[in-house]
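One-based numbering, in listed order, for ligands and for the atoms of each.
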Amino acid sequence: MHRYIERIIRVSRRLLDNYAGLREPEDKIIADSQAFWNNLSNQGRDGGPAHFRGQSIFADDSRWVGLGQNSLRIFYRLAGEDWLAKKPRRILDWGCGGGTCAVHFAPGAACYYGVDITEASLAECNRQVEALGLHNFKPVLFAAPDPERVARLIDKPCDLVLSTYVFELLPSKEYGRRVLRTIHELLADEGLAFIQIKYSTHKLNSMSYRWGYSKNLGNMTTYFIEEFWTMARECGFEPQLLYLEPVQPLNNDHHFAYFLMEKAKSS
Ligand SMILES: C[S@@+](CC[C@H](N)C(=O)[O-])C[C@H]1O[C@@H](n2cnc3c(N)ncnc32)[C@H](O)[C@@H]1O
């Protein structure tokens, strides 16, 4: 009965959010996101949502390894299998979490920047990369209210910026745009951005939430495909290719879209 009432309250709140514009202020959601990730990944807490190896659903190691392998497979499909191997690349991983991508993309990289809003994720990602015998990991910590700071913390342009399982948990579409602009700034001319988002369909439960960060983070920010494509162009990218993943059984989630985008050469 209690769950039933809770569900009615959630749906009503969702309708008010979507149709009457009842939402929380941007700065509150940003502060809540920082608090959520700080709290979650503190020593001894559950790092599952930050994709820490061995925790929560990733107690099954094949899920953890498989998730990163899947991102690499899609990257290969979009950018070509030889792109990473052509020369040692400077790679930046926005929201690196526990390192599911890092362990697949860092080998052979000239430098692998892990960018995150918590020390715990950066330390865990570093641990996973070092366990491979690599010493190219560079942690970059910033506070959630100031994503633009990342561009000031890195002094050389990157060849590739990737971000997986992060854009949907950013505080808002406007915040996502700030991140995309910063990523654009971080890239070398003709550098690549490989960004995964969660896409909206026309169903209410696929739209962005604008309240209750800790309960709704998995769908905090969703975009229609063409909306993200347009936003990327407005941020200076030339979107190249798109890969859709309607269902992802490794983390029991759905509606992922991967974009490969290029930073146009400055004239
Ligand atoms: C679900 S994990 C994703 C980890 C990894 N990218 C992957 O694909 O497995 C989300 C990570 O994003 C971080 N994060 C949350 N908000 C962020 C933000 N605004 N910018 C960068 N990272 C953020 C969290 O601290 C956490 O480590």
- Please lay out, stage by stage, how Glu26 and Arg210 fare under the test salt bridge (Lys or Arg N to Asp or Glu O under 4.0 Å). CA-CA 8 Å; Glu26 174 91 357; Arg210 282 153 294 186; over 6 Å; no

- Begin with the C-alpha distance, continue with both residues' side-chain angles, and end with the deciding distance and a verdict on side chain to side chain contact (heavy atoms under 4.5 Å, CB included) for Ser206 and Thr222. CA-CA 7 Å; Ser206 74; Thr222 58; 5.7 Å; no

- Query: Which bit of Pro171 is near ligand 1, meaning a heavy atom under 4.0 Å away: side chain, backbone, both or neither?
  - Reply: neither

- Find all atoms of ligand 1 within a distance of less than 4.0 Å from any non-hydrogen atom belonging to Leu170, and give their numbers and elements. 18 (C), 19 (N)

- Quick one: does ligand 1 sit under 4.0 Å from the side chain of Cys96, the backbone, both or neither, non-hydrogen atoms only? backbone

- Task: For side chain to side chain contact (heavy atoms under 4.5 Å, CB included), just list the numbers for Leu67 and Tyr165, CA-CA rounded to whole Å, side-chain angles, deciding distance to a tenth of an Å, and then say yes or no.
- Result: CA-CA 10 Å; Leu67 209 60; Tyr165 301 107; 3.5 Å; yes

- Using a 4.0 Å heavy-atom cut-off, say whether Leu169 meets ligand 1 through its side chain, its backbone, both or neither. side chain

- Message: I'd like to know whether Glu174 forms a salt bridge (Lys or Arg N to Asp or Glu O under 4.0 Å) with Arg177, so could you lay out the CA-CA distance, the side-chain angles of the two residues, the decisive distance to 0.1 Å, and finally the verdict.
- Response: CA-CA 5 Å; Glu174 198 37 51; Arg177 181 187 292 272; 3.6 Å; yes

- Task: Consider every N or O of Gly95 and every N or O of ligand 1, then say whether any pair is closer than 3.5 Å.
- Result: yes

- Compute the shortest N/O to N/O distance between His51 and ligand 1 and return yes if it is under 3.5 Å, no if not. yes

- Would you call Leu250 and Trp64 a side-chain contact if the rule is heavy atoms closer than 4.5 Å? no

- Message: I need the single residue from Lys265, Glu238, Lys263 that forms a side-chain contact (heavy atoms from CB on, under 4.5 Å) with Glu190. Which is it?
- Response: Lys265

- Answer side chain, backbone, both or neither: which part of Tyr165 comes under 4.0 Å from ligand 1, heavy atoms only. both

- Task: Find all atoms of ligand 1 within a distance of less than 4.0 Å from any non-hydrogen atom belonging to Gly97, and give their numbers and elements.
- Result: 4 (C), 27 (O)

- Note on the structure: Quick note on ligand 1: atoms under 4.0 Å from a heavy atom of Thr100 include exactly 7 (C), 8 (O), 9 (O)

- Task: Using a 4.0 Å heavy-atom cut-off, say whether Ser121 meets ligand 1 through its side chain, its backbone, both or neither.
- Result: side chain

- Item | side chain to side chain donor-acceptor pair (under 3.5 Å) evaluation trace for Tyr258 with Gln196 | CA-CA 4 Å; Tyr258 294 76; Gln196 180 204 51; 2.9 Å; yes

- Task: May I ask you to list the atoms of ligand 1 that are less than 4.0 angstrom from any heavy atom of Trp94?
- Result: 20 (N), 21 (C)

- Sub-4.0 Å atoms of ligand 1 with respect to non-hydrogen atoms of Tyr175: 19 (N)

- Message: With ring pair (Phe, Tyr, Trp, His ring centres under 6.0 Å) as the test, pick out the partner of Phe105 among Phe137, Phe75, Tyr112.
- Response: Phe75

- Looking at Thr164, which atoms of ligand 1 are within less than 4.0 Å of one of its heavy atoms? 3 (C), 5 (C), 6 (N), 7 (C), 8 (O)

- Query: Looking at Glu124 and Arg127, does any basic side-chain N land under 4.0 Å from a carboxylate oxygen?
  - Reply: yes

- Task: Could you name the option among Asn251, Leu217, Ile117, Thr182 that has the heavy atom nearest to atom 17 (C) of ligand 1?
- Result: Ile117

- Determine, using ring centers only, whether Phe228 and Phe259 are less than 6.0 Å apart. yes

- Atom indices of ligand 1 within 4.0 angstrom of Pro49 heavy atoms, with elements: 1 (C), 2 (S)

